[in-house]
Number of protein chains: 6
Amino acid sequence: MPQRTAFASELAWPDYHDAVKDGTTPILIPMGAMEQHGHHMPLHVDVLLPTEFARRAALEIDALVAPPFTYGYKSHQKSGGGNHFPGTTSLDGATLVASLRDVIKEFARHGVRKIGLVNGHYENSWFIIEGIDLALRELRWDGITDMKILVLSYWDFVGEDDIARLYPDGFPGWALEHGGVLETSLMLALYPHFVDLSRAVDVTPASFPPYDVYPVKPEWTPTPGTLSSPKEATAGKGELLLKVCTEGVVGALRAEF
Amino acid sequence: MPQRTAFASELAWPDYHDAVKDGTTPILIPMGAMEQHGHHMPLHVDVLLPTEFARRAALEIDALVAPPFTYGYKSHQKSGGGNHFPGTTSLDGATLVASLRDVIKEFARHGVRKIGLVNGHYENSWFIIEGIDLALRELRWDGITDMKILVLSYWDFVGEDDIARLYPDGFPGWALEHGGVLETSLMLALYPHFVDLSRAVDVTPASFPPYDVYPVKPEWTPTPGTLSSPKEATAGKGELLLKVCTEGVVGALRAEF
Amino acid sequence: MPQRTAFASELAWPDYHDAVKDGTTPILIPMGAMEQHGHHMPLHVDVLLPTEFARRAALEIDALVAPPFTYGYKSHQKSGGGNHFPGTTSLDGATLVASLRDVIKEFARHGVRKIGLVNGHYENSWFIIEGIDLALRELRWDGITDMKILVLSYWDFVGEDDIARLYPDGFPGWALEHGGVLETSLMLALYPHFVDLSRAVDVTPASFPPYDVYPVKPEWTPTPGTLSSPKEATAGKGELLLKVCTEGVVGALRAEF
Amino acid sequence: MPQRTAFASELAWPDYHDAVKDGTTPILIPMGAMEQHGHHMPLHVDVLLPTEFARRAALEIDALVAPPFTYGYKSHQKSGGGNHFPGTTSLDGATLVASLRDVIKEFARHGVRKIGLVNGHYENSWFIIEGIDLALRELRWDGITDMKILVLSYWDFVGEDDIARLYPDGFPGWALEHGGVLETSLMLALYPHFVDLSRAVDVTPASFPPYDVYPVKPEWTPTPGTLSSPKEATAGKGELLLKVCTEGVVGALRAEF
Amino acid sequence: MPQRTAFASELAWPDYHDAVKDGTTPILIPMGAMEQHGHHMPLHVDVLLPTEFARRAALEIDALVAPPFTYGYKSHQKSGGGNHFPGTTSLDGATLVASLRDVIKEFARHGVRKIGLVNGHYENSWFIIEGIDLALRELRWDGITDMKILVLSYWDFVGEDDIARLYPDGFPGWALEHGGVLETSLMLALYPHFVDLSRAVDVTPASFPPYDVYPVKPEWTPTPGTLSSPKEATAGKGELLLKVCTEGVVGALRAEF
Amino acid sequence: MPQRTAFASELAWPDYHDAVKDGTTPILIPMGAMEQHGHHMPLHVDVLLPTEFARRAALEIDALVAPPFTYGYKSHQKSGGGNHFPGTTSLDGATLVASLRDVIKEFARHGVRKIGLVNGHYENSWFIIEGIDLALRELRWDGITDMKILVLSYWDFVGEDDIARLYPDGFPGWALEHGGVLETSLMLALYPHFVDLSRAVDVTPASFPPYDVYPVKPEWTPTPGTLSSPKEATAGKGELLLKVCTEGVVGALRAEF
C-alpha cells in the first residue's frame with residue numbers, strides 16, 4: 001500500500017482542506033537558501049536537508065510539508081562564508097520577513113494552527129523570528145490567537161554525546177560547520193550523487209577574530225568556501241545525524257503539538 | 001555519458017561561477033505558486049510546469065534553471081478561482097516584487113546578464129514586471145546597464161492552429177484555462193501520478209460578468225475550483241503542448257539572447 | 001432646475017455626509033494616468049474618460065464621483081507603448097497600491113460601503129486589486145466587513161456586436177487599442193478640442209512577439225506611441241461607445257449595489 | 001489667437017517633449033487635498049486654488065502645470081479642523097511621500113530640471129519636503145544633480161500690508177485661516193458658484209491650547225469645521241489675494257529659475 | 001530622603017510594572033535630534049532640553065520619562081539651518097515614524113495609557129503626528145482605544161509677555177530661534193559647561209524668502225549655523241524660560257491626564 | 001588640563017567637523033535597548049554598558065562616540081527572557097534596520113569612513129548586519145566605497161581564561177548571561193547605585209529545549225527575568241571584565257582602523 005505523501009503541495013485542495021481545516025494537522029515549512037557549500041557540494045544543500053527532515057518528521061506525526069523557501073537571508077562570513085560568493089543568492093531581511101509573514105497568515109486562513117519552521121540555513125534565524133512576530137500580530141488583529149509556531153534548526157538536536165562520536169578529533173563548533181562534516185555527511189547519506197568528496201578541500205578550520213567587519217574581508221574565509229574541512233564526512237555519520245536530528249525534531253513536535 | 005544538469009542549484013559554486021561569470025549563460029527562473037487546481041490536480045501545478053519548461057529550454061540553449069519561486073501572487077477569481085480557496089497560499093504583491101528584485105540583483109552580482117522568467121501562474125505577471133523594474137533601477141545605480149530580462153508565460157506560445165487542434169469543441173479562452181485542458185494535459189504528459197482524472201469535475205465553463213467584485217463572490221467560481229472542464233485533457237494533448245510551448249520558449253530565448 | 005452635481009468634491013461636507021453616512025450612496029473613483037496617447041491626443045485621456053463614465057453612471061444611480069487618481073502605474077509596452085515615452089508619468093506599484101488603500105479606508109470611515117473603481121488605464125488593474133485587498137484587510141481589522149468594491153474597466157462592456165460595428169475591417173484586440181479607435185472616438189465625442197486627427201498617424205497595428213523584454217525595446221512600439229491606427233475613429237463611434245459602456249457600467253453597479 | 005494651454009496633460013507627447021526635453025521649462029505641480037472647508041465651501045478648495053495659482057504663474061513664466069495631487073496628508077486639528085471630519089479623505093504620510101518622489105523622478109526622466117510645488121494644503125508641507133529629499137537622492141544615484149525644486153505655499157506671499165487691508169478687524173493668524181476669509185475670498189473671486197456664503201457660520205476663531213492631543217478632541221474644532229469665520233470674505237479681497245499671491249509665486253519662480 | 005527617579009529606564013522592571021500597569025502613570029518621551037547648534041553649543045541640545053523638561057514635569061505629576069529619541073528628522077533650512085551641516089545626523093521620515101509607532105505600542109503593551117511627547121526639535125513635529133496616528137490605528141486593531149497622547153513643544157508655552165521680557169529688542173520669531181537666545185539661555189541655565197558664549201557669532205537674523213528651495217542654498221543660512229544671534233542669551237533668561245515652559249508643560253499634562 | 005570629551009554630541013559642529021572631515025576619526029555607536037534585567041537592575045543596562053565601553057575605547061584610540069541607540073530589537077526568550085516582559089520596549093526589525101542605515105549614511109556624509117558599532121543587546125545583532133548592508137549599498141550608489149564598519153559585542157572579547165576565573169563553578173554560556181554575573185558585575189563596577197543585589201534572585205540557570213516556541217511560553221523564563229543567577233556578581237569581576245573587554249574592543253579597533 002503506497003504511503004501517503006508528506007507534501008501538502010502534492011494534494012488536491014479538498015484533501016488538503018480535510019487535513020487542515022480543524023487545525024490539528026501541523027504544517028512544516030522548510031526554510032532554505034541558495035548558498036555556496038564548498039567545492040564538493042551543490043548550492044541547494046540548505047533546501048534539501050530541511051525538506052528531508054521535515055518530510056521524515058511529517059510522516060511520523062501526521063503533518064504536512066509546505067513548499068520550501070528556496071531563497072534565504074544573506075550568508076554571514078562567520079557562518080556561511082560571506083555573501084560575496086558566486087552562487088550565494090540571498091534576500092534582503094525585509095523580503096524574507098514579509099514572505100514568511102504572508103505564508104503563515106495564508107496557512108492560518110486555511111485553518112492551520114500548528115506550524116513548524118524547519119530551518120536549514122542559520123542566517124535565516126532572526127528574520128524567521130521577526131516574520132513570525134509580524135504574522136502573529138496580524139493574526140491577532142484578525143481574532144486568531146491560538147496559532148502555535150515552532151522554530152527548529154535540526155543541528156540543535158545533536159547532543160554532546162553525538163558530537164563526541166561524530167568529531168573524534170574535536171568539534172570546531174557549529175559556527176564553523178558550514179559545508180563541513182555535518183552537512184556533508186548528511187548529504188552523503190541522503191544525496192550521494194550531489195557530493196563529490198574528491199573535490200573536498202581539507203581546510204584548516206577558519207579562525208575569525210571576535211568581531212565582524214563590513215564589507216567582509218574575503219581573505220578571512222577559506223578559499224573553497226567551507227569554514228571547516230569536510231574530509232572526515234561519511235555516509236555513516238550522516239545516518240547517525242539523520243536519526244538523531246529526526247528524533248529530535250519529531251520529539252519537539254510531539255511535545256508541543 | 002550523463003547529461004549535465006540544467007539546475008543551477010545542483011552545481012558546486014566554482015562550476016556555477018565558471019558558467020555565469022562572463023554573462024553569457026542565461027538564468028531561467030520558474031515563477032510558480034501554491035494554488036488549488038481543482039479536485040483532480042495537486043497544489044504545485046504552477047511550480048512543476050514552468051520548472052519543466054525552463055529545464056527543457058535550458059538544456060537546449062545552455063542556460064541554467066534557478067530555484068523556483070514556490071509561492072506567488074494572490075489567485076484572482078477570473079483566472080485562478082479566487083484567493084479564498086483552501087490550499088491557495090499567496091504572497092502580498094510587495095513581497096513578490098521584493099523577492100524577485102532581490103534575486104535578480106544577486107544573479108547580476110554573480111555576473112549573469114541574461115535572465116528569463118518562466119511564469120506558470122498568471123497572477124504573478126504584473127508583479128513580475130514591477131520586480132524587474134525595481135531590479136533594473138537599482139542595478140543601474142550600481143552601474144550595471146546591460147542586463148536583459150525576458151518574461152515568458154508558456155501558454156502565450158500556443159498558436160491558433162494548436163488551439164484548434166486542442167479544443168475541437170471550442171476554446172474557452174486562456175482566462176478560463178485554470179485547471180482545465182491545458183494544465184491537465186501537460187500534467188498528464190509529465191506527471192501522470194499527480195493527476196486523478198476520475199475526480200475531475202466536468203464543469204460548465206465559468207461565466208463571469210465583465211467586472212470584478214471584492215470580496216469575491218465564491219458562488220461565481222465553479223465549486224471544484226477549475227474554471228473550465230478538464231475532462232477532455234489527454235496526455236497526447238499534453239505532449240503537443242509541451243512541444244509547442246518548449247519550442248516557443250526556446251525560440252524566444254534564442255532570438256533575444 | 002439645476003441638476004445636482006455628481007462630484008463628491010463639489011459638495012460641502014454636511015451634504016456629503018448626509019449622502020454617504022448610512023452607506024447606501026456608492027462612491028465611484030476614476031483611476032487614471034498621465035500617459036502618452038500618440039501625436040493626436042493629450043496626456044490625460046486616461047483621466048478624462050473614466051471620470052466621464054463615472055460621472056454619467058453616478059447621475060444614473062445616485063452615486064458620487066471621488067477625485068480622480070491623476071497618476072497611474074507604469075505604461076507597459078504591449079498595452080501603452082512602454083514607460084520610456086516622454087509625458088508618461090507613472091507611479092511605482094507600491095505607491096499606487098498604498099494610495100488606493102488609503103483612500104478606500106477613508107471613504108469607509110465616512111460611512112461609504114459601496115465603491116466602484118472606474119479604471120481608464122489598463123496597467124492600473126493588478127495594483128488596484130492589491131490596493132483593494134489591503135484596504136479590505138485593514139477594514140476587517142477595524143471590524144468593517146460589509147464593504148463591497150467593484151472594479152470596472154469601461155472597455156470590458158463593449159460586446160462582440162459592438163466590436164463588429166466599430167471595427168468593420170477587423171478588431172486589433174484590446175491589447176492594441178492604446179490611442180486607437182476606441183479612445184480616440186470617445187475623445188472625439190466628448191472632448192473634440194483635445195483631439196487633432198490631422199496629426200494622427202496611420203500606424204500598422206503593432207505586432208509583438210509572445211513575450212516581454214526588459215528594458216523595453218523602443219523599436220517595438222510604433223514611433224507615434226499608439227499601438228494601432230486612430231484614423232478610423234469618429235465622434236459617432238465615440239457616441240456608440242459612450243452609450244454602450246455607460247450602460248454597461250450602470251448595469252453592473254445596479255446589479256451589485 | 002488662442003492662448004496656449006498651461007496644462008502639461010493637455011499636450012500631445014511630442015509637444016510636451018519639445019517643451020521639456022532641454023530642462024528649461026519648469027513644471028508646476030499643484031499639491032492639493034480632499035478636505036472639508038466648512039458648510040459654505042466644497043471639498044476640493046485645496047485642489048482648485050493651487051491649480052489656479054499654478055496656471056496663472058505658468059502662463060507668466062512659460063511653465064507647464066502637471067496634474068494636481070487630488071488627495072493630501074491628514075488634516076490637522078489646528079490647521080484643518082482634524083482628520084475626523086466626513087469628507088476629509090487623506091493619505092498616510094508614506095503614501096504622499098512616495099507619490100511625490102515617483103512623480104518628480106518621472107519628470108526628471110523627461111528632461112525637466114525645474115519643478116515648482118504649488119501647495120494648497122498646509123498639512124502636505126513636511127511630507128512634500130521628504131518626497132523631494134527622497135527624489136533628489138535617487139536622482140543623484142542616477143547621476144542627475146542639476147534638479148532644482150521650489151516649494152511655494154501661496155499664502156506665504158501675503159505681506160503684512162495686505163493682511164492689514166484684508167483683516168481690518170485683526171488677523172487670526174494663518175493657523176486659523178482654514179475655510180476662513182483667505183480661502184473663501186479666493187473662491188468667491190474664482191469659483192463663486194462653489195461658495196454659498198448664506199451657509200457660512202460666523203464662528204469665533206478657534207482657541208487651541210499650546211499643545212496637541214490625540215485622538216483629537218472634536219469639541220475643540222468649531223462645529224462647522226472652519227477655524228475662523230468666513231463672513232468677512234468678499235470677491236474683492238479674493239482679487240487682491242489672487243494678485244498678491246500670483247505676483248509672489250511668479251516672482252519666486254523668476255528669481256530661482 | 002532621596003527623591004525617586006523620574007527616569008523609567010532607571011527602574012527595575014517590577015517597579016516599572018507597578019507604576020504603569022493600571023495606566024494611570026503617564027510616560028513622557030523626549031523627542032530629540034543630533035543637530036548643529038552654532039559655534040557655541042554642542043550637537044545634543046535638542047536631546048538635553050526636552051529630557052530636562054520631561055524630567056521636571058515628571059517629578060511634578062508623578063510621570064516617568066522614557067529614554068529619549070537621540071536622532072530626529074532632517075534639519076530644515078528655515079528652522080535648523082539645513083541638513084547639509086556636518087554634525088546634523090538625521091533620520092528619514094519613515095524611520096522616525098516607525099520608531100515612534102513601535103515605542104508607543106510597546107508602552108501600551110505595558111499598560112500605559114497616557115503618553116506625553118516632549119519635543120525638542122521642531123522638524124520632528126509632523127512625523128510625530130504620523131507616528132502617533134499609525135500607533136493609535138494599530139492599537140485600535142488590538143482593541144486598545146483608551147490611549148491618550150499629548151504633543152508638547154516646550155517653546156509653545158512661552159507667552160507674549162515672556163517674549164517681551166526676553167527679547168526687549170524685538171522677537172525674531174520662533175522660526176529663527178535655532179541656536180539663538182531661547183536655546184542658548186536654557187543651556188546656560190542648565191548646562192553652562194556645554195556653552196561657550198565666547199564663540200557665539202552675532203549673526204543678523206536670517207532673512208529667508210517666502211518659499212523653499214531644494215537642494216538647499218547653503219548661502220541662505222548664516223555661516224555659523226544659528227538663524228539668529230545668541231549674544232543676548234543669559235542664564236537668567238534661561239531660568240525664566242525653564243520656569244515658564246515647565247509650568248506650561250505641567251499645566252497641559254495636568255489638564256489632560 | 002581637562003581631558004577632551006569622547007562624545008561627538010558634546011562638540012560644537014566646527015570641532016566635530018574638524019575631527020571627522022578627512023575620515024580618519026572613527027565613530028563608535030553604542031547599540032542599546034530598553035529591556036528588563038531582573039529584579040536587581042534597571043532597564044537601561046544595555047545602553048549604559050556599550051556606551052561606557054565605547055567611551056573608554058574612544059579615549060584610547062581618538063575616536064568619537066555617537067548618541068546611543070536607546071531602543072533595540074525584541075527580546076528573545078532564550079537570550080533576554082522574551083518580549084512579553086513589562087519594561088522591555090522594542091522596535092520592529094525593519095525600524096532598527098532603517099535607523100541604523102540612516103545614521104551610518106549621515107556620518108558618511110560628514111566624512112566619516114570608520115564606524116564601530118558597540119553592541120550591548122544581543123538581539124540587535126542580525127538587524128545591525130542588515131542595517132550595515134543597506135547603508136553600504138546606498139553609499140555605493142553615492143560613489144562611497146571606502147567605508148569600513150566593525151561590529152563589536154563586548155562579551156565576545158572575554159577569553160576562556162577569563163571565563164574560568166569569573167565562573168569558578170561553571171559557565172552557563174553566554175546565552176544565559178542575561179542579567180547574570182557578567183552584566184551585574186559590570187554594573188557593580190560602573191554604576192553600583194543602579195544595582196540592588198539584595199533583590200537579586202538566585203535562579204537556577206534556565207534550561208530551554210533546543211527549539212523556540214511562539215508565542216513564547218512565559219513559564220520557560222525564570223520569574224525574575226534573568227536567565228541565570230546574578231548572586232556571584234561582584235564589582236571586582238566587573239573590573240576584570242571592564243579591563244578585558246575594553247582591551248579587546250580597543251585591540252580590534254586598532255587592528256582594523
Side-chain angles (χ1 to χ4, degrees), chain C residues 5 7-18 20-21 32-45 47-48 66-71 74 81 83-92 94-99 101-103 105-107 109-111 193-194 196 199 224-225, chain D residues 5 7-18 20-21 32-45 47-48 66-71 74 81 83-92 94-99 101-103 105-107 109-111 193-194 196 199 224-225:
Chain C
T5 179
F7 292 106
S9 59
E10 296 183 354
L11 299 178
W13 76 262
D15 302 327
Y16 170 82
H17 185 45
D18 284 347
V20 305
K21 66 187 169 195
M34 184 182 185
E35 189 190 25
Q36 68 84 12
H37 277 78
H39 289 194
H40 66 297
M41 287 202 296
L43 299 169
H44 59 355
V45 167
V47 176
L48 292 179
F69 275 52
T70 48
Y71 299 93
K74 297 160 194 168
N83 209 62
H84 56 294
F85 271 88
T88 300
T89 310
S90 308
L91 303 175
D92 275 8
T95 308
L96 179 55
V97 166
S99 299
R101 178 202 61 194
D102 290 358
V103 167
K105 285 164 53 191
E106 283 285 78
F107 286 126
R109 177 174 61 75
H110 306 159
H193 58 294
F194 281 142
D196 182 351
R199 298 177 74 187
Chain D
T5 179
F7 292 107
S9 59
E10 295 183 354
L11 300 178
W13 75 262
D15 302 328
Y16 170 81
H17 185 45
D18 284 348
V20 305
K21 68 187 168 195
M34 182 180 186
E35 189 189 26
Q36 68 84 11
H37 276 77
H39 289 196
H40 66 297
M41 286 203 294
L43 300 168
H44 58 355
V45 167
V47 176
L48 293 178
F69 275 52
T70 47
Y71 299 94
K74 297 159 193 166
N83 208 63
H84 57 294
F85 271 88
T88 300
T89 310
S90 308
L91 304 175
D92 275 8
T95 307
L96 179 56
V97 166
S99 299
R101 177 203 62 195
D102 289 359
V103 166
K105 284 164 53 190
E106 282 287 77
F107 286 127
R109 178 175 60 76
H110 305 160
H193 57 295
F194 281 141
D196 182 352
R199 299 177 72 187

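This one's a predicted model, so the numbers in the text were calculated from it and none came from an experiment. Letters A, B, ... mirror the listed sequences (proteins, then strands); counts begin at 1.
Here D/Leu43 is the residue among D/Asn83, D/Leu43, D/Asp92, D/Val45 with the most heavy-atom pairs under 4.5 Å with chain C. Chain C forms more heavy-atom pairs under 4.5 Å with one residue of D/Thr89, D/Val47, D/Asp15, D/Thr70 than with any other, namely D/Thr89. Looking only at heavy-atom pairs under 4.5 Å with chain C, the residue among D/Ala12, D/Ala8, D/Ser99 that has the most is D/Ala12. For the options D/Leu48, D/Leu96, D/Leu91, heavy-atom pairs under 4.5 Å to chain C are most numerous at D/Leu91. Highest contact tally toward chain C, considering only D/Gly111, D/Ala94, D/Pro68, is held by D/Pro68 [criterion: heavy-atom pairs under 4.5 Å]. Comparing D/His193, D/His40, D/His84, D/His39 by how many heavy-atom pairs each has under 4.5 Å with chain C, the most go to D/His39.
Heavy-atom distances place the backbone of C/Met41, and not its side chain, under 4.5 Å from chain D. Only the side chain of D/His110 comes within contact range of chain C, with at least one heavy atom under 4.5 Å from a heavy atom of that chain. Using a 4.5 Å cut-off between heavy atoms, D/Ala66 contacts chain C through both its backbone and its side chain.
Scanning for salt bridge (Lys or Arg N to Asp or Glu O under 4.0 Å) contacts around D/Asp196 gives an empty result, with sequence neighbours left out. Listed by chain and number, the residues in a side chain to side chain donor-acceptor pair (under 3.5 Å) with C/Glu10 are C/Thr5 (sequence neighbours excluded).
Counting all heavy atoms, side chain and backbone alike, D/Pro42 lies closest to C/Ser9 at CB-O, 3.2 Å. Between D/Gly38 and C/Pro14, the shortest heavy-atom distance links the atoms O-CD, 4.2 Å. Between C/Glu106 and D/Ser90 the shortest heavy-atom distance is OE2-N, 2.9 Å.
Taken from OG1 in C/Thr95 to CZ in D/Arg101, the straight-line distance is 5.0 Å, to the nearest 0.5 Å. Note that OG1 of C/Thr88 and OH of D/Tyr16 are 9.5 Å apart. Values are rounded to the nearest 0.5 Å.
Aromatic ring orientation, D/Tyr71 versus C/Phe69: tilted (interplanar angle from 30° to 60°).
For C/Trp13 (side chain) and D/Glu35 (main-chain N/O), no donor-acceptor pair under 3.5 Å exists by modelled atom type.
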**Report entry** Intermediate values then yes/no, side-chain contact (heavy atoms from CB on, under 4.5 Å), D/Met34 and C/Val103
**Finding:** CA-CA 10 Å; D/Met34 182 180 186; C/Val103 167; over 6 Å; no
